[in-house]
Amino acid sequence: MRNPKIRRWLILGIASAAFIALIANMQLWQMALSFLFPGETQVLHPRADLLILTLEHLELVGISSSLTILIGVPVGIWVTRPSGSNFLPIVNDLTSFGQTFPPVAVLALAVPMLGFGLVPTVVALFLYGLLPVVRNTIAGLRAVPPDLLDAAYGMGMSRRQALLKVELPLAARVILAGVRISVIINIGTAMIGAVIGAGGLGSPIIAGLVQDNLAFIIEGAVPAAILAILADQLLANIEGSLTHSPQEANH
Amino acid sequence: MIRLEHVTKIYGDTLAVDDLSLEVNEGEVCVLIGPSGCGKTSTLRMVNRLIEPTSGRILVNGKDIRQVRPERLRQSIGYAIQSVGLFPHLTVGANIATVPELLHWEKSRIARRVEELLELVGLDPKEYAQKYPSQLSGGEAQRIGVARALAADPPILLMDEPFGAVDPLTRERLQAQFSSIQQELKKTVILVTHDLDEAIRLADRIAVMSAGKLVQYDTPEAILSRPASKFVHDFVGADRALKRLSRISIQGFVHPSPSIGVNATLSEAMAALQSHRSAWVVDHQGQLLGWVDQTTLSAAASVREAIVAQDVTEISLSSSATLREALSRMLGQGFKSIPVVDENRRLIGEVTLSDVEAATAEAEA
Ligand SMILES: Nc1ncnc2c1ncn2[C@@H]1O[C@H](COP(=O)(O)OP(=O)(O)OP(=O)(O)O)[C@@H](O)[C@H]1O
Ligand SMILES: [Mg+2]
């Protein structure tokens, strides 16, 4: 009965390989886009090859999402501990605020301080992605039934042990769901990085919008959409391997 | 072993436990009983420092528990919580292994212990160790909860309604199992229950609580026969005489009974029935076959023919039975006496209705 899990990883691996093969083959894009848009003189964005753009995009998302997780999860844990419970309302407000604040506005504010390029984009993406992670971490930890904590402490676990052995494993699914949302949002939002020269798949899209070139837009949008789907599947697979389903334990 | 001295617990403005003093001796089962909200769980949780008393102190083995680190204290006290609380993300085996793992036992020792405990609570280790809690019935889960509490062989057990969430039949089985485990392990136990019959069955001493106060602390017999207050009197109920019978073994009441060998002649049998209305019939090994009386004998050609042979297991009792069971058989069968047999179904004697009445009157006095 382990097959379904392995199969899911296999499919993801094949899909990723196909994706890489697709974006590495610029001739194919040239042909396809020329065929679709015979009127355009230029169908591929001159900034860089798709492979480079995708890597730039992944860099933006990877850095900002890692920061989001590395900071968001501990913050969520902290405000659900007795020592941090006073900060729970503030953290809730701040993370909601971070998401209602449009990323473009964050960029506008960040550029004067941080200049152009990668750093302000990462800051904007980090703030924007924080809410789902923090919110789900809090929700996941709060959903741990109090009687299980009672059992954990009653058997002599320290707070740390209860957190690591009981609370986090039980909250893992909900936390990962938050991470998943956050990463997907970031893959989409990272497009705006192109506005201030951070590159990524946003470059052809922004250029396409400015120059009214639909081919450019498609060149950026299609890989971005596939990237989002692959990332979603990757996180879904991780989620699946973390959850303990009794059926699967039964061989 | 466990000693509570003037312990009071106040939550906000709720007085949950009110100046409670209680001592549980080593190897004894103390059952806390009382209406919902009277402070039973609060009392229990103060013993392992899940909550701290507002005032008063608690000693375990003569030592004030405030001087022991809570984690250390709790690892030495088995705790079965009111709602079982098995960890759903861990297998049954891993659940049971919780405390041994906290104590850094060796892997092989933990595995052996898990197996041992599953056997102790009557579940097949091969089948159950790898299951998840969601795959267990309520009764199985409660047994695992008890096994988990016993895992590191703590000298003290705190059990909060450990057999609460199961049907009466399963509950009775679990209680019997607990009794036999306790007879073997001799833990010092504080057990909380709502169920008076359970308290009577399991307790060495019963602590009756009401609104945070200890209103009576005594043996089940004494609680039943001499309720200390109107509250206890009402709490044990109008059928306390009957309940008391379930604490009394028939052993002291078995006396020799008239019996007739199955090969006796009719006239021998008639002679034996001169002084009794009926007699038990046994075979040449002394095994109980049934009974005869004058009416059945006078219509029959031999003793064997005259036997009223009901299912013997249905009418006879073993000598470990209680007077309550004897009485219930008498009422069920319409007999004034019930035969008592040994494990080979050989007739030992009988218990009569007048014995039961005498026992009731004696305890009442
Ligand atoms: N954490 C708490 N905060 C405030 N009040 C509490 C708390 N825990 C218990 N109480 C109150 O203290 C009283 C005693 O509660 P406790 O849980 O000890 O009762 P109990 O005898 O175990 O009841 P039950 O038989 O229903 O389990 C109740 O009035 C309850 O509402
Ligand atoms: Mg309770």
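Throughout, protein chains are lettered first and strands after them, A, B, ... in sequence-line order, and every chain is numbered starting at 1. All values below come from the heavy atoms of this structure, side chains included, with hydrogens, waters and symmetry mates left out.
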Practice item. Sort B:R45 into side chain, backbone, both or neither according to what part of it lies under 4.5 angstrom from a heavy atom of chain A. Key: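 The answer is the side chain of B:R45.
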
Check your understanding: B:L86 versus chain A, heavy atoms under 4.5 Å apart: side chain, backbone, both or neither?
Key ->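 Looking at B:L86, just its backbone touches chain A.
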
Review point. What are the residues of residues 143-166 of chain A, in order of number, with any heavy atom under 4.5 angstrom from a heavy atom of chain B?
Key: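 When heavy atoms of chain B are the reference, residues 143-166 of chain A contributes A:D147, A:L148, A:D150, A:A151, A:A152, A:Y153, A:G154, A:M155, A:G156, A:M157, A:S158, A:Q161, A:K165, A:V166 within the under-4.5 Å range.
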
More than 12 heavy atoms of other residues, nucleotides or ligands under 6.0 Å from [atom1] of [X]: is that the case?
X      : atom1 : value
B:E106 : CD    : no
A:R142 : CZ    : no
B:E23  : CD    : yes

Check your understanding: So which of B:R49, B:R148, B:E101, B:R69 has the largest heavy-atom pair count under 4.5 angstrom toward chain A?
Key ->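 Highest number of pairs under 4.5 Å: B:R148.
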
Review point. Of all the residues in residues 77-84 of chain B, which have a heavy atom that comes within less than 4.5 Å of a heavy atom in chain A?
Key: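 The stretch touches chain A at B:I77, B:Y79, B:I81, B:S83.
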
Point to revise | chain A-proximal positions within residues 109-127 of chain B [heavy-atom distance under 4.5 Å] | key: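 Within residues 109-127 of chain B, no residue comes under 4.5 Å from chain A.
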
Check your understanding: side chain to side chain donor-acceptor pair (under 3.5 Å) with A:S64: which residues, sequence neighbours excluded?
Key ->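 Side chain to side chain donor-acceptor pair (under 3.5 Å) check on A:S64 returns A:N186.
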
